[in-house]
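Have a look at the structure below before the remarks.
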Amino acid sequence: MPVRKDLRNIAIVAHVDHGKTTLVDAMLWQSGAFREGAEVEKRVMDSMDLEREKGITILAKNTAVKHVMSDGEEITLNIIDTPGHADFGGEVERGLEMVDGVILLVDASEGPLPQTRFVLRKALAKKLPLILVLNKVDRSDARIDEVVEETYDLFMDLSDDDDASLLDVPVVYASAKAGRASLNKPGDGEMPDSPDLQPLFDCILENIPAPSYEEGGVLRAHVTNLDASPYLGRLALCRIVSGEIRKGQTVAWCKRDGSVQNVKLSELLMTEALERVPAEKAGPGDIVAIAGIPDITIGETLSDPENPDPLPLIHVDEPSMSMTIGINTSPLSGRSGDKLTARLLKARLDQELIGNVSIKVADTDRPDMWEVQGRGELQLAILVEQMRREGFELTVGKPQVVTKMINGKLHEPFERVTIDSPEEFMGAVTQMMGLRKGQMMHMVNHGSGWVRMEFVVPARGLIGFRTEFLTQTRGQGIMNQILEGFQPWVGELRTRQTGSMVADRQGIVTSYALFNLQERGTMFVSPGDETYEGMVVGENSRPDDMDVNPTKEKHLTNVRSSTGDELERLIPATRLSMEQQLEFCREDECLEVTPDVVRIRKTELNAHERAKARIRAKTS
């Protein structure tokens with residue numbers, strides 16, 4: 001089979017924060033993608049505001065690097081930078097459809113973590129060649145030999161057929177931040193002996209196969225991603241499997257439902273560094289963007305009009321978490337947002353479905369509320385945050401797990417959780433996991449004062465766990481999780497041991513009222529904040545909910561008091577992020593999300609109706 005020797009398509013996959021985007025930065029700089037002295041932001045591939053704020057990659061993005069090799073030959077590297085968080089696994093699966101090989105990046109200190117296992121399993125299932133890059137070898141706590149051994153153990157653990165060739169995976173030792181890589185193993189905490197990344201480029205050329213194609217084959221291009229341009233409309237990112245595609249060409253659009261329609265391509269773009277530039281034609285192995293088909297979706301195929309030959313649709317894992325999203329029904333709605341109607345909300349969710357293959361939207365029994373299913377709390381929280389910034393006002397329900405009926409029995413998702421914590425907190429962590437019906441699968445003490453524990457625990461038990469975990473470990477614990485699979489329902493779990501303080505009227509919060517309430521628990525509001533009946537204003541230290549009046553004022557009298565001029569000393573209010581508020585919610589609570597503020601509230605605002613519901617629940 002003929003191959004494109006001047007081209008390589010690779011994906012960089014790793015656990016979150018192991019240095020993927022930093023490595024792509026260094027490869028772009030050393031290939032001359034930016035002129036000398038150009039002002040380029042760090043982690044240039046993280047182009048979304050949310051990605052920069054949170055320091056994580058959310059969307060898979062591609063770039064093209066033209067690099068001159070040691071022998072003077074110019075090679076084009078199409079690099080897919082993928083997210084490292086398990087919630088965005090759909091982006092990883094989609095990115096792997098576009099490439100012929102994978103660079104697996106592993107931190108030289110932390111070693112393989114849950115997301116490493118997830119992305120490696122996907123790469124091995126597609127039989128993609130691997131290069132292992134050990135990053136951050138210059139860390140003072142690097143343990144190079146042990147991490148290489150752990151990664152090889154992971155290779156054999158995930159391989160279906162004990163493939164001995166996995167033990168011959170080439171290893172590159174790198175410091176992406178310094179822009180250096182070497183095939184020679186440095187000492188722990190030392191820099192690689194090469195001054196640049198040339199050994200990595202040579203390793204890619206030698207071990208990642210060039211795209212192969214059928215001589216004279218018909219056009220087949222797989223749509224793996226979508227983008228938008230203010231001038232060209234919807235752009236479809238395609239990997240050309242065979243044949244050739246030209247600007248202005250008429251092609252057969254093979255749709256998801258099996259129908260075929262002839263369409264004309266208005267524009268053909270190819271990636272150079274971070275820019276998309278117009279091109280006249282592209283061949284097998286190229287990754288291109290095409291315009292002219294406004295309704296095209298991910299997984300569809302562009303083929304030859306006379307002999308259409310569709311490729312298989314892209315399959316991604318099923319969602320494991322869901323939440324309801326509806327219009328804002330609180331008394332303070334309409335104060336800050338401009339998108340308030342159910343019609344606008346439904347149109348925005350439909351738009352999200354087009355470009356995000358890993359979420360699903362289902363109707364509920366209310367016409368102004370929908371159930372959105374995704375991979376995890378973070379993915380759903382990111383969607384809500386994006387909509388909030390666009391001007392939507394929403395009511396967001398507590399995250400729930402997606403259950404399945406298997407052989408007539410109810411099954412729920414379980415997560416594999418890896419926890420790194422100092423030794424003194426091991427007992428507290430084990431106790432917290434026991435309350436959530438977690439099973440310890442593995443424990444390692446590295447002898448450095450830190451312990452690594454692995455648990456398999458129901459996903460329900462982890463909703464709201466992270467905040468309590470950080471509190472118990474005094475902010476030092478590190479937790480990572482990934483979907484393990486579906487197992488039989490384990491029964492009722494009570495995860496939050498405290499109740500809520502609920503406002504019983506609308507008004508402005510006063511310092512006099514808070515001074516008397518702060519002894520009962522933790523307050524979420526400050527003097528001057530607006531509140532309404534049914535809004536959660538604090539956390540009660542006891543398990544039950546408590547109706548309170550946070551608007552109570554100190555009435556003036558004409559009788560002088562010796563203590564009248566004393567100041568009330570208030571404990572500052574606890575301000576929770578949106579993810580923390582979602583974790584805090586109970587089953588009868590939800591979030592009011594607006595562009596200016598996020599509030600926790602009861603689903604039923606009226607206190608009398610809530611009391612009736614409690615009585616009905618007890619009698620039934």
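Keep in mind that the numbers below use all heavy atoms, side chains included, and drop hydrogens, waters and symmetry copies. These figures come from a predicted structure and were not determined experimentally. Index from 1, following the sequence.
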Test salt bridge (charged side-chain N to carboxylate O under 4.0 Å, His left out) applied to [X] - qualifying residues, sequence neighbours left out:
X      : value
Arg239 : Asp100
Arg614 : none
Glu412 : Arg460
Asp295 : none

*Counting only heavy atoms not in Arg575, do more than 12 fall under 6.0 Å of its CZ?*
yes
*Taking only residues two or more places apart in sequence or in another chain, which ones pass ring pair (Phe, Tyr, Trp, His ring centres under 6.0 Å) with Phe469?*
Phe465
*For Phe486, check ring pair (Phe, Tyr, Trp, His ring centres under 6.0 Å) against everything at least two apart and list the hits.*
none
*Who passes side-chain contact (heavy atoms from CB on, under 4.5 Å) against Gln518, sequence neighbours left out?*
Phe515, Met523, Leu570, Ile571
_Can you list everything that forms a side-chain contact (heavy atoms from CB on, under 4.5 Å) with Asp257? Sequence neighbours excluded, please._
Lys255, Ser259
*Report the C-alpha separation of Asp588 and Lys398 in whole Å, then their side-chain angles, then the decisive distance to 0.1 Å, and conclude whether the salt bridge (charged side-chain N to carboxylate O under 4.0 Å, His left out) test is met.*
CA-CA 8 Å; Asp588 63 339; Lys398 176 183 171 62; over 6 Å; no
Holding to side-chain hydrogen bond (donor to acceptor under 3.5 Å, both in side chains), I want the full list of residues that pass it with [X], two or more places apart in sequence or in another chain.
X      : result
Gln472 : none
Glu533 : none
Glu390 : Arg348
Asn540 : none

*Could you walk me through whether Leu394 and Leu345 pass the side-chain contact (heavy atoms from CB on, under 4.5 Å) test, one step at a time?*
CA-CA 9 Å; Leu394 310 167; Leu345 175 56; 3.6 Å; yes
*asked:* Closer than 4.0 angstrom, basic N to acidic O: yes or no for Glu385 and Arg388?
replied: yes
*Short N-O contact, Arg335 and Glu530, less than 4.0 angstrom*: yes
